[in-house]
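Lettering follows sequence order; numbering is per chain, from 1. Predicted, not measured: the structure shown is a model, and the values here were computed from it.
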Number of protein chains: 2
Amino acid sequence: MTRKHRATLSDVASKAGVSPVTVSRAIRHPEMVSKKLRERIDNAVRSLGYIPNHLASALASHRTNIVGVIVPSLTNGVFDDYLAAIQDVFSLANIQVLVTNVRYSAEKEEKAINTLLGYHPEAMILVGVDQTDNSRQMLTNAGIPVVQTLDLTDNPIDLNIGLSHDDAGYAAVEYLRSLGHESIAHLTARGDPRSQQRHAGYQRAMDTFGLSSEGLVALTPRISTVQLGRRLFAEVLDRQPGVEAVFCCNDDLALGALFECQQRGIRVPEDLAIVGFNDLEFCAASVPPLTSVGTERIQMGKWAAQNVLEIIRGSGQRPDKCQVNTGFTIHERGSSMPAHKTVHGTRGTKARVVS
Amino acid sequence: MTRKHRATLSDVASKAGVSPVTVSRAIRHPEMVSKKLRERIDNAVRSLGYIPNHLASALASHRTNIVGVIVPSLTNGVFDDYLAAIQDVFSLANIQVLVTNVRYSAEKEEKAINTLLGYHPEAMILVGVDQTDNSRQMLTNAGIPVVQTLDLTDNPIDLNIGLSHDDAGYAAVEYLRSLGHESIAHLTARGDPRSQQRHAGYQRAMDTFGLSSEGLVALTPRISTVQLGRRLFAEVLDRQPGVEAVFCCNDDLALGALFECQQRGIRVPEDLAIVGFNDLEFCAASVPPLTSVGTERIQMGKWAAQNVLEIIRGSGQRPDKCQVNTGFTIHERGSSMPAHKTVHGTRGTKARVVS
DNA sequence: AGTGCAATTGACAGCGCTTTCATTTGAAAC
DNA sequence: GTTTCAAATGAAAGCGCTGTCAATTGCACT
């Protein structure tokens, strides 16, 4: 039963024997319509299967109830939680989130921003701080709240919540150093600007501690996978058999490194310590469980959404703090814990919080 | 520099000294405007940072360039690839995909359908075939192409591409049976209707082969995780220490089962065979690599998008086949391969295709 | 110069809704 | 039975754009 024409406000109005305005009010501001008419209208709505045309509504009211969100990836377990947190906040406020996945491409991001702005979103939430000049310009011109998340910058477009990935990378190395390791490798997928920051932090720490990273870094331009983690670590192992520890720019690579060790009969943590990044769910489940640097991705998404909501629906005032550093936490687990600390059969976590 | 008012078509027209229609044409149908004017208009557009109001455009032209997509989850590595495939097809046609994540809730799905239809999408792509009556009604009334994916039904709303999860579950058991296993366990997360189908297939196979599943099934109402895989399989192991094989409703649970085995010193595949579902990337990377039943998720997303595109932009004709069974493939790897088949150090895959 | 025709350009209406303001209604108060 | 005022309803305009059709222009050809 394909209708030629979907029911409109006027159709409902005719059916209920009232004027279109009244129908509009019955839907948007029920308290302004008498009970009698409201019921008649509700019936008409139901019997016609009327669904308001959001485009027309938004055009007329200057309220789109849309917020644009741009993420660099979805294959990476990180952004699911983050996105879900954002959606949870907005769905309660009847705001539709328009998500675009730009696959770590600044160019695609620019295009996505342009497209999204065409929908007149009431705010934009972005990942990272590396937008192109053009992107920044468009966002500024749009005159809406903009939140840059998951990273920090000295020069935010508007609001900013995140953490220093450079510091996190530094801390990971510092932690491994504190366990007595000196030959500390690093696996990383460039392409993700935040991974690059972690790499920079790794390098800074190695330099600071007077350790050489020669031959200890393996990187790939591709999206990271577990398989790639194996391959990258295999490279390092072949080059530097004496490596004592490895810090991976994310947990997929770390899990790959762990598997490569299993394959080669390298004992973790006795022969080699592994530290991942993001603290995805599987870190606590592997054997041994993986030590990982955790970030507050859910908290960041939530904060971004809540602040946007407050600005566009609330008092309209900017929040007290326009920039928030959520820090990071090293979840110390079996993959790096010195033997005497390890409790057999337990997958306990010892957390070191840094913010 | 927050503008009071974003530039409109008229603003551009004034600036370029032409009528608004001409600007509209210069943007939508450049070939209909003389080169001279086109340049003047382009300049005006650029200098004003003009971005067409998509809402107004869609309202006037009855072309929204929106396709609604509803997924039950994003945390599950399955839907990333699927979504990406859909987006890839549509982005080339300048169609914006409106994604909603309904977290395996039919109620949320119904609400999402209602909301999305308010945007007048030109088509809808859904996961699964278990929509509520109300949802089906709304979709039918909308008079747009609807694709149900990743599962099959005798009574599709419109187009349908997927596979029989019951058959896939049956095949997994049949495969393990062919290796000589009889005590075959099953781990599953109900909540996902397709997992339930796989469970049904498992049960059907066990019955058919005259095998008892008593005490061999562990299920959870929660979203599956690796951790949960460990816990569920631990339950089974504690109950039935003699279990010879386990078929898991997805790869996360399978990886968890593998870790649980590692923890307990159970050798895989010598002491126990493991089969997962979905063939996610990490399956080929673990030690031993995980045998998994793979589905054509990318292909399904692509087919759905391409057919929609053909219908709404092309000849308008329905495709030849309104229902497609993409089948499934058992990727046989080390976690189930009999010792004499296993090639040390190789992570080769032997595929058995069923469609 | 005049005719014919295609290529450009513009005027106008309207997409489906909300906002604003005017009108009507009803019930309380005189 | 008026008057008064709030509550309920409606009429008209317009959000920013595009489709349709009419008007204009340019140019080749007589």
| field | Verdict with supporting geometry, B:N160 and B:Q323, side chain to side chain donor-acceptor pair (under 3.5 Å) | value | CA-CA 5 Å; B:N160 183 206; B:Q323 183 167 53; 2.6 Å; yes

| Are side-chain heavy atoms of B:L150 and B:T295 found at a separation under 4.5 Å? | no

| remark: The contact string for nucleotides 10-20 of chain C, one letter per nucleotide 5' to 3', using protein heavy atoms under 4.0 Å with B, S and - for base, sugar-phosphate only and none, comes out as BB--BBBBBB-

Separation of [X] atom [atom1] from [N] atom [atom2], in whole Å?
| X | N | atom1 | atom2 | value |
| --- | --- | --- | --- | --- |
| B:K35 | D:dT25 | NZ | C1' | 20 Å |
| A:E31 | D:dA8 | CD | P | 10 Å |
| A:N65 | D:dC15 | CG | P | 20 Å |
| B:K36 | C:dA7 | NZ | P | 18 Å |

| query | At under 4.0 Å, does any side-chain N or O of A:S34 touch on OP1 or OP2 of D:dT9? | reply | yes

| Does NZ belonging to B:K108 count more than 12 external heavy atoms closer than 6.0 Å? |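 It does: B:K108 NZ has more than 12 such atoms within range.
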
| query | With distance as the sole criterion, is a donor-acceptor pair present between the side chains of A:T132 and A:E110 under 3.5 Å? | reply |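 Side chains of A:T132 and A:E110: pair found under 3.5 Å.
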
| Candidate pair B:N155 and B:R136, rule side-chain contact (heavy atoms from CB on, under 4.5 Å), full reasoning | CA-CA 11 Å; B:N155 181 26; B:R136 292 182 70 100; 3.5 Å; yes

| task | Look at the side chain of B:R25 and the backbone N and O of B:V33, then say whether any donor-acceptor pair between them is shorter than 3.5 Å. | result |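 It does not hold such a pair.
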
